[in-house]
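Letters A, B, ... mirror the listed sequences (proteins, then strands); counts begin at 1. What's counted below: heavy atoms across the whole structure, side chains too, no hydrogens, waters or symmetry copies. All figures in this text were calculated on a predicted structure; none of them were measured in a lab.
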Protein chains: 2
Amino acid sequence: MRERVTIRELARLSGVSVGTVSRALNGYSDVSPETRERIMQLARALEYTPTAAARMLVTQRSHVIGVFLETGEGHPDLQHPFFHEVLVGIKHCLGERGFDLLLFASEQPGNGFGPHSYEKRCRHHNVDGAVLMGVDPEDEETRRLVRSTLPCVGVDVALHGPSTGYVISDNRTGILAAMRHLHELGHRRIAHVTGLVETRPGAERLRAYRDALRELGLGYRDEYVAYGDFYVESGRAAAARLLALDEPPTAIVAASDLMVLGVLRAAAEAGVSVPGDLSVVGFDDIQLAGHLHPPLTTVRQDKAGLGRAAGEALVACIEGADAPAVTTLPVELIVRESTAPPPAGG
Amino acid sequence: MRERVTIRELARLSGVSVGTVSRALNGYSDVSPETRERIMQLARALEYTPTAAARMLVTQRSHVIGVFLETGEGHPDLQHPFFHEVLVGIKHCLGERGFDLLLFASEQPGNGFGPHSYEKRCRHHNVDGAVLMGVDPEDEETRRLVRSTLPCVGVDVALHGPSTGYVISDNRTGILAAMRHLHELGHRRIAHVTGLVETRPGAERLRAYRDALRELGLGYRDEYVAYGDFYVESGRAAAARLLALDEPPTAIVAASDLMVLGVLRAAAEAGVSVPGDLSVVGFDDIQLAGHLHPPLTTVRQDKAGLGRAAGEALVACIEGADAPAVTTLPVELIVRESTAPPPAGG
DNA sequence: TCACGTTCCGAAAACGGTTTTGGAAACCGG
DNA sequence: CCGGTTTCCAAAACCGTTTTCGGAACGTGA
């Protein structure tokens, strides 16, 4: 293979010093136009590519953002379409600004003693910042990372630290809108299938459900909240239980679209029709939501927007701004066909 | 912030030379057990983390795999759930083996003249290998990369080069199985909604459709192949046209599950019921396929398996094996409820 | 002519590791 | 007691950049 062409090589070939080559290539002013041009010609001809490692070593900047995408036990979070779409947003935003993404994957360190904790891994690769998804904010590892000065931003996880922030959707407003929509349609017995309540969105959605009940003058019933984990199966189980109640709900708001798939399944199995007998509204508006049968009424999160916001917060912080604030993104209730007035006898 | 603790610092504090520290940490033999232990204690205490850049500079290895995930115009490929699941597989496989993933995102290079082409970007970051998804194999950029000695593997894209291979599903067998299934049910008028035929899977699936027709003794009709692009909307348009034919098909096999969502939509709009009037089978078996209404008959690709296979081929190649061969993964027809015998009058 | 700016560039010191070379001490058999 | 091995470690070179410092050459105004 062709040998790596270094800056030294360029210097030799163009008869100047390496320092000059470096300055020429980096657009410094103190090099004559002719010399610069000559060097750049040569660089192009030889397809010179600077070595990131070398530069990183001296500049202490990598132009790389670390991404932690933790895989919960059972179902890797990575598999939830939500995170996928967020990642798209991150990639775009950061890509435009000249960053690449390092997706941390290695479990045992490369060589015996290597990187371990979040913080170590970041230091090891010298990332300029990090975005965390699906991590546990209470975890000691996490806390150590956000306690450091490395710019961090969490998505859907409340992180606090000197240069740390997070982005999240306006879950409360979303659930409130869903509830009001249902209420307006005439529903009075509205149940909630929660997400993982240990997570921020899961908790916020649940609280909002309760608050909405109060606001609408509906009583809270313990039996009307069924605990899920954002994924399909849990939605099915939850709905099965709900529908078997003596006085089943006429509407269900679920904390994720995936779970309403489960709800739909349970409904079909129980012989109740949606939206005829049961209205359901989801959360997320995943790509497929509009193409399901029936098309889902759901509250749309701007998933790519969350990613972009995370990216922007990060670069702002990297470029010297203060700690990235917490930014909450608006959501939107998308009314489709999975909601309707309750059945007459309801 | 605490200053970075370097190997030199460790050397000073433990009263040995830097070379010794390095050897101790890396498990070389020529350092006494006591000295080694002392050094490692210290390293742990100070939370020493080696700098990847420095090591990379001398060893020429990064323990990082580059990932190209190209975003087609219109709908970013990244958004197709397929790639998402593949990525999961890659991450797992490579993570277990101590690699991290560099997701190339940067559009303009970090600093004016920096990395550009695939090859340059790889050289720049010194990745140990690369996996390519959604790229155009005919593209000059791509060809340059695979022509180099860098271990590469494509997924769903046929790449050829000195140390390049690709992984792909057994599309032919999958389509054949789908067609036979339909034929056994009694269908004789079977249409195909293609994927992007410029892509390998799109082309293979189409060819297999034709071959299956021949094998089953069914004539090929031009009007029965409708061209799509793997995404929902194209499936809808295609099905709309198909269903409006004088002699519409009684069954449709689509090149992706996403497109059958479109097909279902079109069917609903045209008032034809699935599977009563029309059977449909998809491809991929995306997570949601089993939860749709009706649950989809589809040929399942082992998406995570593709990712793992890609990862394994890569490390094999990195560790000195010959060019990664092309590995094709088996698929499986999952019969659910979107297929049934054709209507009596059909 | 002299002092003084500019403009352009070379030399060299980092950055934080790994690896090679060589040497001192300890150990060995004879 | 001596030549030859081992065992353990120090010194230094090197990886490919950036950046600081200073110097040469060249005006330029007095």
### Task
Using side chain to side chain contact (heavy atoms under 4.5 Å, CB included) as the criterion, list what pairs up with Glu9(B), not counting sequence neighbours.
Val5(B), Thr6(B), Arg12(B), Leu13(B)
### Message
With a 3.5 Å cut-off and heavy atoms only, can you find an N or O donor on one side and an acceptor on the other between the side chain of Arg8(B) and the base of dG17(C)?
### Response
yes
### Nearest-angstrom distance from the residue atom CG of Leu25(B) to P of dG17(C)
9 Å
### Message
List the residues meeting side-chain hydrogen bond (donor to acceptor under 3.5 Å, both in side chains) with Thr327(A), not counting sequence neighbours, and say none if there are none.
### Response
none
## Note on the structure
For nucleotides 8-15 of chain C, 5' to 3', base contacts (B), sugar-phosphate-only contacts (S) and non-contacts (-) with protein non-hydrogen atoms under 4.0 Å give BBB----B
### Query
Atom CE of Met56(A) to atom C1' of dG16(C): distance rounded to whole Å?
11 Å
#### Entry: For atom CG of Asn126(A) and atom P of dT17(D), their distance in whole Å
17 Å
### Task
Rounded to the nearest angstrom, tell me the gap between atom CG in Leu10(A) and atom C1' in dT18(D).
15 Å
### Task
Could you tell me the separation between the OH atom of Tyr28(A) and the C1' atom of dT17(D), rounded to a whole number of Å?
12 Å
### Message
Distance check needed: dG16(D) P versus His125(B) NE2, whole Å only.
### Response
17 Å
#### Entry: Ala316(A): partners by side chain to side chain contact (heavy atoms under 4.5 Å, CB included), with sequence neighbours left out
Ala321(A)
### Task
Round to a whole Å and report the spacing from CZ of Arg12(B) to P of dA10(D).
15 Å
### Task
Sort and list the pairs that fulfil salt bridge (Lys or Arg N to Asp or Glu O under 4.0 Å) and have at least one residue in residues 155-166 of chain B, not counting sequence neighbours.
none
### Message
Check this for me, if you would: do Glu47(A) and Arg144(B) make a salt bridge, where the nitrogen-to-carboxylate-oxygen distance has to be below 4.0 angstrom?
### Response
yes
#### Entry: Terminal helix-axis angle for the helix from dT1(C)-dA30(D) to dG30(C)-dC1(D), with five pairs defining each axis and rounding to 10 degrees
50°
### Between P of dG17(C) and CZ of Arg61(B), the distance in whole Å
19 Å
### Query
Residues two or more places apart in sequence or in another chain: which of them pass side chain to side chain contact (heavy atoms under 4.5 Å, CB included) with Pro162(A)?
none
### Task
Write out all pairs satisfying side-chain hydrogen bond (donor to acceptor under 3.5 Å, both in side chains) with one or both partners inside residues 302-315 of chain A, taking only residues at least two apart or from two chains.
none
### Query
Which pairs pass salt bridge (Lys or Arg N to Asp or Glu O under 4.0 Å) with one or both residues in residues 56-66 of chain A, sequence neighbours excluded?
Arg61(A)-Asp128(A)
